[in-house]
Each structure stands twice: as structure tokens, then as C-alpha cells.
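Have a look at the structure below, then the notes.
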Amino acid sequence: MTERVLTLRELNRATLARQLLLERKRLSAAAVIERLVGMQAQWPPAPYVGIWTRTTSFRRETLERALERAAVVKATMMRQTLHLVTQRDYGLVRAALSETNHYDQMPDAVLLAPAVRELAAAGPVTSAEALEMIEREHGLTGLRGRRAWRGARVRAHVLHHHETALWDGRPEGRFVAIEEPEEHDPLEARAEILRRYLTAFGPASRRDIVAWSRMHVPEIQRALDRLEPLRRFRDEHGRELLDVLRAPLPDPESPAPVRFLPKWDNVLLAFADRTRVLPERYRKTVIGMNGDVAQTFLVDGFVGGMWRVESGRIRIEPFAPLSRSAQSEVAEEAERLEAFLSD
């Protein structure tokens with residue numbers, strides 16, 4: 001049977017619907033974070049803006065309370081980048097990534113993990129304190145020492161202190177040992193995480209899955225085999241797209257409201273082909289050579305410009321002239337965001 005071809009607008013609307021960007025939902029911060037399989041968190045305010053733009057009645061204090069009681073944690077996750085994830089998902093993601101050759105699999109990390117966990121279990125520890133211990137007791141210095149610390153803390157479940165994830169996050173990084181997560185079979189964990197990825201970001205290609213996870217292709221394929229049956233489509237370039245059964249595929253002409261996205265929003269990073277949301281002509285403007293990702297806004301479902309805050313006001317930089325109706329909608333949404341930022 002010939003596979004159905006999905007147009008760019010069909011992919012756009014499917015992605016927006018699953019990302020809560022077509023219609024805001026009344027969900028808790030933790031529920032949004034789980035639905036999106038984590039939210040990128042290098043810049044502390046980013047997840048707060050990302051949750052606000054997807055929900056109704058979100059207040060920053062609700063996420064901060066979840067962080068304080070460790071229902072949500074800040075950890076190195078997909079792409080070896082910082083994400084907020086629920087503690088329930090933390091162990092699942094770590095198991096899914098445990099067979100990928102990242103820093104936590106290096107011999108130095110395996111050797112040092114027990115010592116790093118013991119150090120952090122005694123109380124919050126800074127990188128400087130950990131590196132001093134690693135040099136004193138194991139003779140590792142410089143780049144090797146820093147890589148060993150990075151890998152060992154991931155392996156030892158030593159995470160960023162919740163204070164670094166607050167709206168006004170503390171600049172000095174401290175790390176704490178959390179309770180060791182429940183063990184999961186790595187293959188079963190990968191299958192579940194990829195099912196969740198397709199639910200939140202699909203339909204998607206295998207290259208998209210690699211771009212989101214930085215897992216290796218054989219690991220991904222073994223996990224996908226566990227997920228059969230999957231729906232299969234093609235994009236307009238003939239590439240195979242995978243999807244879970246019965247996931248929404250909205251009408252491509254469904255209205256897409258203006259939405260403001262924070263820095264590093266995963267809807268711009270979770271694909272090898274980002275054109276379903278980010279037009280190629282704007283990609284290098286939005287995503288810098290150093291990996292920085294600008295604050296953007298969506299018009300008719302696609303990135304239409306960037307935004308910043310100046311003296312408490314939202315300043316927008318459209319990439320092209322906006323229609324009168326789009327100008328009005330952008331202004332209304334900017335006013336809402338200003339109120340949220342100043343609350």
C-alpha cells in the first residue's frame with residue numbers, strides 16, 4: 001500500500017497540536033514536562049515561559065514548588081543537555097541512554113562515580129570541590145578531570161541543585177545526590193521513550209529521533225522494533241515518517257494562534273528537518289553557531305520573528321511584514337507575556 005504523503009502544513013499542525021501550541025490546556029507543570037518528555041533548561045526562565053505558553057493559569061510558584069520537593073529535577077538528558085524532567089521520567093530516560101557512548105560510560109566516569117556520589121551525599125557540592133577531590137584522590141586534572149566529573153556525576157545520579165532551576169536561578173552551580181532511580185531494562189526504556197517522543201513530536205523520521213536523542217541508529221531501531229505496529233507516512237521529500245497509532249493529525253487549515261517560545265524550546269530542536277516549524281531561511285538567525293537558540297514567536301504556526309525584554313516590555317523583531325490581524329494578535333499575546341513576566 002502506498003504510504004500517505006503529509007504536507008508541510010499537515011506536519012506543522014500535527015506538531016503544534018501535540019506540543020500544546022494549537023490549544024492551551026489546563027495542566028500542571030509536571031504534566032506538561034512529562035507530556036513533552038522534558039523541557040530544555042540551560043536558561044532557568046525558559047521552561048517557565050515554555051509552560052506558560054502551553055497552558056492556562058500557570059504560575060511560576062507551582063513549578064518552583066515541584067522543584068523544591070524534587071518532583072521535577074534538573075538533569076543532563078537528551079543530547080547531553082540540561083532538561084527539567086519529572087523524577088518519575090528521570091530514571092526511564094537515564095536507562096534509555098545508558099547504552100549510548102556518552103561521558104557517563106567512559107572508564108574514568110565508571111571508576112569515579114562511587115566517590116562522587118559519596119561526596120555529594122554528604123551535602124551539596126560545587127564543581128570546584130569535586131574537581132579538587134578528583135585531583136587529590138585520583139590524580140586527574142585539566143580536561144580529563146572535568147570530563148570525568150561530568151560523566152561521574154551523571155552516572156552517580158548527582159544532579160543540579162533545584163535552586164539553579166528557579167526563576168531567579170542562583171548563578172553558582174551546586175550539585176546534590178538524589179535517591180537512585182528504579183532500575184529499568186535499557187531496551188524497554190528506549191522503546192517507551194521513543195513512543196513518548198513520537199506522541200509529543202511525531203510523525204518523525206529516524207533522523208529526527210537521532211537529532212532529538214543523540215542515540216545511535218542501531219539502538220533506536222531495536223527500540224522501534226518493540227513499538228510495532230507503527231503508522232508510516234512520507235513527507236514531501238519522500239522520507240519515511242513514523243508515528244504512534246491514533247495520534248492526532250489535525251486539518252492543515254486549522255487556525256494556529258500566535259505563540260511566544262522561550263530560548264531553546266525543543267519544538268525547534270527535536271528534528272533533523274526543522275522546517276515544519278522553523279523556515280529554513282530563518283534557521284541561522286534563530287540558531288547560532290554556538291548552539292544558542294533565540295526567543296521566537298509563531299505566526300500561523302511557523303516562526304515569524306524573535307522577541308526580547310527591554311525595561312519590562314516585550315520587543316518584537318518580525319522577519320517579514322505582519323498582516324494587520326497578525327500585528328494585533330502578536331500585540332495581545334505580548335501583553336499577556338509581559339503580565340506573566342512581571343507577576
Side-chain angles (χ1 to χ4, degrees), residues 18-20 27-42 47 50-51 63 66-67 69-105 109-110 113 117 150-160 162 165 175-202 204 206 208-228 230 242-245 247 266-267 269-270:
R18 301 180 198 195
Q19 287 285 306
L20 305 173
L27 294 172
S28 69
V32 174
I33 290 168
E34 284 203 342
R35 177 164 175 155
L36 303 183
V37 204
M39 301 188 76
Q40 200 132 339
Q42 285 98 313
I51 295 169
L63 177 54
L67 287 160
R69 65 176 187 271
V72 172
V73 297
K74 181 178 177 179
T76 300
M77 296 271 98
M78 290 71 66
R79 302 186 301 281
Q80 291 289 282
T81 55
L82 290 174
H83 282 69
L84 295 190
V85 293
T86 62
Q87 184 149 167
R88 178 168 54 185
D89 275 357
Y90 168 77
L92 194 66
V93 175
R94 284 262 42 94
L97 297 172
S98 66
E99 295 180 338
T100 304
N101 188 26
H102 289 152
Y103 284 129
D104 59 303
Q105 302 299 314
V110 175
R117 183 162 182 87
R150 180 182 178 185
R153 73 174 186 250
V154 170
R155 190 176 187 88
H157 309 297
V158 172
L159 310 187
H160 288 256
H162 81 270
F175 298 85
V176 294
I178 67 165
E179 182 178 346
E180 295 200 21
E182 175 187 354
E183 289 190 8
H184 297 272
D185 175 77
L187 179 55
E188 295 296 334
R190 276 199 301 280
E192 174 61 13
I193 287 300
L194 295 192
R195 182 191 68 79
R196 298 264 302 279
Y197 167 79
L198 292 174
T199 301
F201 295 94
R206 288 172 177 81
D208 292 329
I209 296 171
V210 171
W212 174 74
S213 67
R214 290 295 188 267
M215 296 177 194
H216 302 314
V217 172
E219 299 167 19
I220 290 171
Q221 188 56 54
R222 286 193 292 272
L224 290 174
D225 290 342
R226 292 290 182 99
L227 293 183
E228 294 292 351
L230 293 169
L242 307 175
D243 201 8
V244 293
L245 302 179
N266 270 340
V267 78
L269 294 174

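- Looking at Q105, its side chain never comes within 3.5 Å of a backbone N or O of E99 through a donor-acceptor pair.
- Contact detail for I209 and Y197: the closest heavy-atom pair is CG1-CE2, 3.6 Å.
- Ring planes of Y90 and H157: perpendicular class, angle over 60° (limits at 30 and 60°).
- Formation of a donor-acceptor pair under 3.5 Å by the R18 side chain with backbone atoms of G202 is found in this model.
- Looking at every heavy atom in both residues, L36 comes nearest to F201 through O-CE1, 3.8 Å.
- Closest heavy-atom contact between A200 and R35: CB-O, 3.3 Å.
- R79 contributes no side-chain N or O that, together with a main-chain N or O of A270, makes up a donor-acceptor pair within less than 3.5 Å.
- By the 4.5 Å heavy-atom criterion applied to side chains, R196 and E34 are counted as neighbours.
- Here the rule is side-chain contact (heavy atoms from CB on, under 4.5 Å) with M39, and of N266, I51, V72 only I51 fits it.
- Between A95 and A189, the shortest heavy-atom distance links the atoms CB-CB, 3.8 Å.
- Here the closest non-hydrogen pair linking I33 and T86 is CG2-N, 4.0 Å.
- Side-chain contact check for L67 versus L84: some heavy-atom pair is nearer than 4.5 Å.
- Note: L269 CG to Q40 CD = 5.5 Å, rounded to the nearest 0.5 Å.
- In this structure, CG in L230 is found 9.5 Å from CG in D225, a value given to the nearest 0.5 Å.
- Nearest heavy-atom pair across M78 and W212 is CB-O, 3.4 Å.
- Put simply, the side chain of T76 does not reach to within 4.5 Å of the side chain of T81, judged on heavy atoms.
- Residue M215 holds its CE atom at 8.5 Å from NE2 of H102, rounded to the nearest 0.5 Å.
- To the nearest 0.5 Å, atoms NE2 (H160) and CD1 (I178) are separated by 12.0 Å.
- Rounding to the nearest 0.5 Å places CG of L97 at 12.0 Å from CZ of R214.
- In this structure, the side chains of M77 and R94 come closer than 4.5 Å at one or more pairs of heavy atoms.
- A donor-acceptor contact shorter than 3.5 Å links the side chain of R155 to the backbone of D104.
- Using a 4.5 Å heavy-atom threshold, the side chains of L187 and R222 count as touching.
- L27 is listed as a side-chain neighbour of L20, based on a closest heavy-atom distance under 4.5 Å.
- With contacts defined as side-chain heavy-atom distances shorter than 4.5 Å, the pair D208/L242 does not qualify.
- A distance of 9.0 Å separates CD1 in I193 from NE2 in H184, rounded to the nearest 0.5 Å.
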